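What you see is a predicted model, and the numbers here were worked out from it, not measured in a lab. Order of the sequence lines fixes the chain letters, A, B, ..., with proteins taken first and strands second; residue numbering starts at 1 for each chain.
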Amino acid sequence: MTEFEEKILRETCKIPLGEVRTYSWLAQQCGRPRAHRAVANALKKNPWPLAVPCHRVIRSSGELGGYSLGRRLKRELIKLEKKAKDMIK
DNA sequence: AAGTAAGAAATTT
DNA sequence: AAATTTCTTACTT
């Protein structure tokens, strides 16, 4: 595990409930604005699929992107978290 | 050297 | 204007 990957994962954990960020956004948070591709690489081999909310990371075009546990689940999780957010507020 | 869960730009439809 | 192709990106293996 490289430092870059760890940074990515830590930033991913900061994404609030019911919200999403893009791959390039994460790249910027780590000081490498053009490393979006490497970000995807780090997330796909995320060792803790649920502990780190990598399902809150989507493409900048608004599309889902991929997910190690299946894009379908990813969609469901985001939907569910939006609901949860509404319920809490 | 090759591959990637991306992106922007150029190209075609 | 939307869909598809092509090249670039930076990082890992």
Side-chain angles (χ1 to χ4, degrees):
Chain A
M1 178 92 104
T2 69
E3 295 179 30
F4 181 71
E5 284 180 353
E6 290 190 31
K7 255 184 181 175
I8 297 284
L9 295 185
R10 262 191 280 284
E11 289 300 325
T12 306
C13 289
K14 294 183 190 165
I15 305 176
L17 181 70
E19 299 194 16
V20 293
R21 295 296 181 274
T22 65
Y23 292 92
S24 46
W25 184 92
L26 276 201
Q28 287 177 24
Q29 298 307 301
C30 297
R32 287 161 185 77
R34 282 149 291 210
H36 45 72
R37 226 165 163 187
V39 171
N41 203 288
L43 288 181
K44 93 177 164 199
K45 49 183 196 198
N46 169 13
W48 314 286
L50 281 179
V52 178
C54 45
H55 55 271
R56 294 179 194 161
V57 184
I58 62 177
R59 279 225 207 171
S60 63
S61 53
E63 297 155 48
L64 273 192
Y67 190 48
S68 50
L69 307 182
R71 301 201 311 241
R72 180 174 163 180
L73 177 59
K74 182 172 183 175
R75 222 182 358 255
E76 297 301 320
L77 284 174
I78 292 177
K79 201 197 317 182
L80 187 150
E81 290 187 349
K82 275 186 196 166
K83 272 191 174 180
K85 184 186 165 192
D86 287 348
M87 241 186 287
I88 291 171
K89 82 180 178 187

Any donor-acceptor N/O pair, A:R72 side chain to A:G70 backbone, under 3.5 Å
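Checking the backbone N and O of A:G70 against the side chain of A:R72, no donor-acceptor pair under 3.5 Å is found.
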Donor-acceptor under 3.5 Å (A:K74 side chain, A:V57 main chain)
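Side chain of A:K74 to backbone of A:V57: a pair is present.
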For A:R10, is there an ion pair with A:E6 - N to carboxylate O distance below 4.0 angstrom?
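Between A:R10 and A:E6 there is a salt bridge, with a charged N closer than 4.0 Å to a carboxylate O.
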When you check every protein heavy atom under 4.0 Å of nucleotides 6-13 of chain C, what one-letter string (B, S, -) results, 5' to 3'?
--BBBSSS
Pick out which of A:I15, A:L77, A:L73 makes a side-chain contact (heavy atoms from CB on, under 4.5 Å) with A:H55.
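Among A:I15, A:L77, A:L73, the one meeting side-chain contact (heavy atoms from CB on, under 4.5 Å) with A:H55 is A:L77.
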Which protein N or O atoms sit under 3.5 Å from an N or O of nucleotides 8-13 of chain B?
none

Can you sort out the partners of [X] under salt bridge (Lys or Arg N to Asp or Glu O under 4.0 Å), two or more places apart, ordered by chain and number?
X	answer
A:R59	none
A:R75	none
A:R21	A:E19

Can A:W48 be reached from A:L69 by stepping across I, L, V, M, F, W or Y side chains whose heavy atoms are under 4.5 Å apart?
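No; tracing contacts between hydrophobic side chains, which count when under 4.5 Å, never links both residues.
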Determine, using the 4.5 Å side-chain heavy-atom cutoff (strictly less than), whether A:I58 and A:V39 are members of one ILVMFWY cluster.
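No; tracing contacts between hydrophobic side chains, which count when under 4.5 Å, never links both residues.
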Whole Å only: how far is the CZ atom of A:R21 from the C1' atom of B:dA6?
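Distance, rounded to whole Å: 18 Å.
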Whole-Å gap separating P (B:dG7) and CG (A:L64):
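One finds 12 Å between P of B:dG7 and CG of A:L64, rounded.
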Please round to the nearest 0.5 Å and tell me the distance separating atom OG1 of A:T12 and atom CD of A:E5.
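CD of A:E5 is found 11.0 Å from OG1 of A:T12.
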Stems involving DNA chain B: give each as a range paired with a range, ordered by first number, where a stem means at least three consecutive Watson-Crick or G-U wobble pairs under 3.5 Å.
B:1-4 with C:10-13, B:6-13 with C:1-8
